[in-house]
Structures are given as structure tokens and as C-alpha cells.
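Only one structure is covered here, and it is reproduced in the block below.
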Amino acid sequence: MFLIACLIVTFLVWKTYLIISTILNRKCLSAVPQPPLDNFYFGHEPSINKAKDENRFLDLFVEWVNAYGTTVLFWIGARPFVFTADPDMLKQCATDLKSFSKVDNLPNRSLFGQKIIGTDSILSGGGLRWAVKRKIMSRFFAKTNMKDMFEASKPHMEESQLKRWRERVGKGAVLDLHDELSITFSSYLQVLGLSDYLPPETIARNVFLLLEAIPKQLFQRWSYLLSSDKNRMFALIKKMRSDTKQTVMERVEEMKNNPDTTIPALDLLGHLIEANQSDDGKNPSSEAKVVDGVVDDVMTVCLVLDNMVKQICALFMFLENEPEVQDKMMTELRETELEDFSDLNNLKYTEKCLLESLRMGPALLRGTRTYKTATNKRFGPYMVNMKNVRVHFSEYVMQMNPDYWPQPKKFDPERWQPGFNPEAFTYMPFFVGSRGCLGKHMAMMMMKLTLSVLAKNFDLQQSFNKKKPPTINQNMAVMRIINRVDCMITPLSGS
């Protein structure tokens with residue numbers, strides 16, 4: 001009886017605390033516009049869960065922004081979150097790194113504690129160590145290095161990869177564009193000095209399985225935690241990191257034995273090893289820490305290459321209902337010879353199509369920051385009377401705002417006319433500021449080259465399953481595509 005009484009009292013105290021904290025929290029942020037609450041206890045969580053079930057999570061925020069303003073407050077129970085699609089406030093998030101910190105516990109960092117890319121990689125890190133890494137890797141990803149990268153990538157694509165595509169296509173076949181492109185983009189690691197790394201088919205398969213597993217720790221947490229699939233993924237991640245570590249250690253030893261050798265411009269692994277040599281640019285790190293940091297970064301690169309795969313798949317998804325646009329793009333790709341890097345500039349219409357695809361389906365759909373504020377500090381025009389508020393933003397929502405993008409749901413490459421410059425912080429497919437994507441020039445180069453080689457040799461026609469067409473998964477922060485991206489691929493005569 002006494003135990004039951006204690007439990008009842010504990011429950012009542014907790015419930016009272018929850019009610020009081022909810023009231024106080026909502027008072028602290030009452031100045032920020034917000035949609036009507038679904039109910040007092042759960043806030044907006046029922047509406048958000050319903051939108052997730054219907055795969056319209058981001059579209060819900062599009063509706064809220066259009067109805068209540070570019071910055072809105074929403075509640076998951078007693079916990080507040082700010083969502084902003086205001087360019088000035090996005091600038092504040094992107095440039096004020098002292099006040100806005102990255103969130104470490106994001107799902108691609110680890111799988112139930114099993115490290116994937118960790119929290120100190122070139123993508124996930126922060127602070128001085130990350131700044132030192134970024135400065136060194138900026139040389140590798142610089143636009144001036146793209147000419148050499150193109151000259152190495154072109155024969156690779158026209159020879160080994162084209163041969164593989166011809167073998168797969170035969171006289172004509174319906175293939176999942178995502179699966180085929182995954183192998184192609186994984187193979188680009190061979191161009192970047194990782195020819196002794198895992199085979200492209202293995203990398204593509206591992207990345208696919210990894211990206212399928214990562215969301216499960218969010219949406220199927222307990223069932224997946226207790227499943228045999230989780231154990232298999234643990235084994236796969238450990239094997240992938242172990243194989244990567246072996247490659248890294250061999251290269252570290254080689255560089256130690258040849259300290260005066262200059263790192264080649266296209267040697268990704270060499271640059272990553274240099275970038276991990278020191279946390280502060282002065283004092284050397286231990287060899288074990290260097291190796292572990294490089295493994296994190298190589299794992300990151302493998303995952304990021306998949307973004308280009310998704311982007312080309314999204315392009316053909318959007319083009320399914322735009323046959324004239326697709327024909328015009330494919331004609332330009334077939335008629336434009338790419339003799340050297342500068343010829344990529346002649347793919348003007350293709351670039352418009354890619355820019356429009358990046359607008360409607362950016363690789364990074366949404367992001368989050370922790371606003372490390374003291375009380376009574378402003379976020380844009382609003383006074384924030386609460387510490388450490390989580391701020392969310394979405395490239396997708398911003399790029400679907402009719403105030404900046406007329407007819408935002410229409411795929412319209414012609415909006416990208418010469419001289420057109422979107423208003424600052426309204427177009428951010430590679431994000432912006434010091435945390436902007438280092439590899440954006442490489443991504444555009446590789447996507448154009450890949451499209452050019454495929455268009456010159458094959459006819460690609462969408463053959464999507466009408467009952468299960470491919471669509472963007474709005475529940476994820478990084479673009480994922482639901483269902484197969486089937487295309488009928490046929491060799492062109494004379495190719």
C-alpha cells in the first residue's frame with residue numbers, strides 16, 4: 001500500500017511539474033507566432049506525426065510558414081522548437097557560429113552507439129579542429145582543382161564505367177537508376193586516389209544498407225534495437241570501418257617513410273591525412289587519432305557521394321512530367337562535346353535543369369542548430385527568454401516559398417536566366433557560410449560529366465511503377481528516395 005501511495009505521489013508531482021514547466025515555457029516564447037495547439041499536453045505533435053505518416057512533413061511547414069509567417073514556434077509536448085524560413089534569421093544561423101552550434105546527436109553519427117562518421121568528421125565536426133580540417137581540404141575541393149579532376153574523371157567514366165553500363169543494359173533493360181548511379185559515383189573514389197579501396201559495387205551496397213538502417217533508430221527504435229538486422233548492421237559498419245582503417249594505415253605509413261613527397265592534387269586520402277595531423281594546426285596528434293579521424297572522413301565521403309546519386313534521380317523524377325524539357329536537356333548533352341573542363345560551361349540548359357532540381361529537391365532537406373542563448377536575447381525580431389532553444393530550418397521549405405519563387409511547385413529551368421541571382425539565403429542547396437558544402441564544385445562537375453556520357457550512349461525513359469512511384473522522403477534531413485527509380489535504358493545506334 002505504501003509503495004502504491006509513493007508511486008501515486010511521484011506521478012502527481014511529475015504531472016504538476018510538467019504542467020507548470022509547459023505553462024512557463026510557452027510564456028517565455030509567446031512573442032513568436034505559432035499555429036494553434038492540437039492540445040495542451042502534446043502541443044503540435046499529433047499534426048506532425050500525421051504529416052510524417054502521409055510523407056508531407058516538410059509540406060506541413062510550408063503551410064505553416066504561408067499561414068503564420070516565416071518564423072513559427074511549434075511544440076512537442078512541453079518542449080519548444082523554432083522553425084524559420086526568414087532569410088535574415090537563416091543568415092544569423094549560418095554566420096553566428098558562437099551562438100548557433102551544430103547538433104551532435106544526429107542519426108548519421110552513430111547507430112545505437114556504433115560509430116559511423118562520429119562527431120569530429122569534416123561534415124559533423126566543429127570548433128578549431130574542424131576549422132583546421134576545412135582549411136586544408138578547401139585546397140582539394142577548390143574550383144581551381146576541378147580542371148585536373150575533370151581530366152582524370154572523363155576517361156574513367158568513358159572507359160571503365162561506360163563498359164559496365166553497356167554490360168548491364170545489353171540491348172535494352174529496365175534498371176533502377178539509383179542502383180546503377182550508386183556504383184558509378186562510388187567508382188569516382190578511384191579517380192581520387194583510392195584505387196586500392198573497396199570495390200565500387202561493395203561501397204554502393206554498404207552505403208545503401210547503411211542509409212536504410214539509419215532512419216530506423218528514429219522511427220522503429222525499439223523493434224529495430226532488438227532485431228537481428230541491427231546486429232548485422234553493427235557487423236557491416238565495423239567491417240567497413242576496419243577495411244577503411246587498413247587502407248588509411250598503409251597510406252599513413254607510406255607518408256611517414258616519404259616525408260618530403262608532395263601530396264598530389266587529386267589525392268583525397270593524402271589530403272585527409274594531412275588535415276587530421278593536428279587539432280589546432282600546431283601540435284601534432286597521435287597516429288591513432290589521425291587514423292581514426294581519417295576513417296571518419298572517408299566514411300563521410302562515401303555517404304556524401306550518394307547525394308549526387310539522389311540528385312540525378314530526383315532530376316529524372318521531376319522530368320517525368322516535362323518531356324519537352326527532358327528532350328531539350330538530352331539533346332544539349334548529346335550535341336556538346338566535352339574536350340576539356342571549360343566545355344562544361346556550354347551545358348547551359350543542363351545546368352539550369354540541375355539548379356532547378358536542387359531547388360525542388362535539395363540534397364539537404366532540412367537542418368537544425370542549438371541557439372546557445374542566455375535569457376533575453378533576440379533571434380531576429382523576437383525576444384527569446386529561454387536557454388538553448390532548438391532552431392530548425394529547411395532548404396526545401398525556403399525554396400518552395402512563393403514570395404521568392406513564383407509557381408514554386410513547377411519545374412521551370414527557364415527561371416535560371418543569365419543574370420538571375422536569388423535573394424541571399426533563399427536558395428541554399430549546398431547550404432551557405434563557413435559550413436557550406438566544400439564539394440559543391442566537384443558535385444556539379446561529376447553530375448554534368450555523368451549525364452553527358454550517359455546521354456551520348458543511351459536513351460533513358462522513365463518507367464516508374466504507377467502504383468509506387470519514386471518520391472522524396474520528407475521525414476529525413478538528407479534526401480532519401482522512396483521506391484525504385486526505374487528507367488528503360490536503350491543503347492543509341494552507333495554509340
Side-chain angles (χ1 to χ4, degrees), residues 117 120-123 125 128-161 185-200 203 241 243-302 304-305 308 338-342 344 434 436-446 449:
I117 68 170
D120 285 319
S121 77
I122 195 169
L123 174 69
L128 182 57
R129 186 183 186 196
W130 167 79
V132 169
K133 275 191 182 188
R134 188 176 177 92
K135 182 177 180 181
I136 293 170
M137 294 310 298
S138 292
R139 299 199 305 265
F140 179 83
F141 290 109
K143 196 171 184 178
T144 52
N145 205 28
M146 291 304 106
K147 181 177 184 296
D148 291 340
M149 199 174 290
F150 172 83
E151 290 175 355
S153 300
K154 184 171 182 283
H156 170 79
M157 187 65 201
E158 292 178 336
E159 295 167 12
S160 66
Q161 278 305 297
F185 278 93
S186 295
S187 78
Y188 276 119
L189 287 172
Q190 297 174 343
V191 177
L192 305 180
L194 280 162
S195 56
D196 296 330
Y197 189 46
L198 300 171
I203 298 171
R241 288 188 64 89
D243 291 341
T244 305
K245 183 177 181 179
Q246 185 63 37
T247 300
V248 173
M249 289 176 65
E250 290 173 1
R251 187 61 199 283
V252 167
E253 190 65 25
E254 179 187 327
M255 291 175 69
K256 272 200 319 185
N257 295 333
N258 300 278
D260 298 326
T261 303
T262 302
I263 298 173
L266 298 185
D267 183 356
L268 173 64
L269 190 54
H271 279 81
L272 288 173
I273 292 171
E274 181 187 357
N276 281 276
Q277 289 293 331
S278 173
D279 286 355
D280 57 9
K282 298 176 183 178
N283 302 304
S285 299
S286 67
E287 184 172 312
K289 188 171 186 178
V290 170
V291 170
D292 194 55
V294 177
V295 172
D296 291 348
D297 290 334
V298 172
M299 293 285 288
T300 299
V301 171
C302 290
V304 168
L305 283 171
M308 303 179 218
L338 302 182
E339 298 297 335
D340 57 45
F341 176 66
S342 63
L344 290 173
S434 60
C437 177
L438 277 175
K440 61 183 178 182
H441 300 303
M442 183 184 78
M444 290 298 286
M445 181 275 289
M446 287 182 172
L449 175 60

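- The shortest heavy-atom contact between M308 and A443 is SD-CA, 3.8 Å.
- In this structure, NZ in K289 is found 3.5 Å from CG in D279, a value given to the nearest 0.5 Å.
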Practice problem: Output, in order, the C-alpha distance, side-chain angles, deciding distance and verdict of side chain to side chain contact (heavy atoms under 4.5 Å, CB included) for S186 and L198. | Solution: CA-CA 9 Å; S186 295; L198 300 171; over 6 Å; no
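- Here the side chains of M446 and V191 are not in contact, with every heavy-atom distance at 4.5 Å or above.
- Annotation: side chain of R139 is in contact with side chain of E274 (closest heavy-atom distance under 4.5 Å).
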Side-chain donor-acceptor pairs of residues 263-273 under 3.5 Å, sequence neighbours excluded:
from : atom 1 : to   : atom 2 : distance (Å)
D267 : OD1    : R251 : NH1    : 3.0
D267 : OD1    : L269 : N      : 3.3
D267 : OD1    : G270 : N      : 2.9
D267 : OD2    : R251 : NH1    : 2.6
D267 : OD2    : R251 : NH2    : 2.5
H271 : ND1    : D267 : O      : 2.9

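- Distance check, rounded to the nearest 0.5 Å: CE of M299 to CG of L123 gives 13.0 Å.
- Annotation for L449 and F150: closest pair CD1-CE1, 4.1 Å, computed over non-hydrogen atoms.
- Using a 4.5 Å heavy-atom threshold, the side chains of Y188 and M157 count as touching.
- Rounded to the nearest 0.5 Å, atoms CD1 (I203) and CG (L189) are 5.0 Å apart.
- Checked for salt-bridge contact, R241 and D296 meet the test: a charged N lies under 4.0 Å from a carboxylate O.
- By the 4.5 Å heavy-atom criterion applied to side chains, M146 and L344 are not counted as neighbours.
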Quiz prompt | Test log, rule side chain to side chain contact (heavy atoms under 4.5 Å, CB included), inputs L338 and E158 | solution = CA-CA 11 Å; L338 302 182; E158 292 178 336; over 6 Å; no
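- Looking at every heavy atom in both residues, S285 comes nearest to S278 through OG-CA, 3.6 Å.
- Using modelled atom types, no side-chain atom of S121 and backbone atom of D297 make a donor-acceptor pair closer than 3.5 Å.
- The side-chain heavy atoms of N145 and D148, taken from C-beta on, include a pair separated by under 4.5 Å.
- The shortest side-chain heavy-atom distance between E253 and K256 falls under the 4.5 Å cut-off.
- Within the 4.5 Å cutoff, the side chain of F140 has heavy atoms near those of the M149 side chain.
- Here the side chains of K147 and E151 are in contact, with some heavy-atom distance below 4.5 Å.
- Note that the CD atom of Q190 and the CD atom of Q161 stand 7.5 Å from one another [nearest 0.5 Å].
- Between E287 atom CD and N276 atom CG the span is 12.5 Å, to the nearest 0.5 Å.
- Residues K133 and G293 approach most closely at NZ-O, 4.0 Å, considering heavy atoms.
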Quiz item: When you look at D292 and K245, which way does the side chain to side chain contact (heavy atoms under 4.5 Å, CB included) test go after all the steps?
Solution: CA-CA 7 Å; D292 194 55; K245 183 177 181 179; over 6 Å; no
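- Across all non-hydrogen atoms, the minimal contact from S187 to H156 is OG-NE2, 2.8 Å.
- Partner of Y197 under the side chain to side chain donor-acceptor pair (under 3.5 Å) criterion, chosen from D243, T244, T247: T244.
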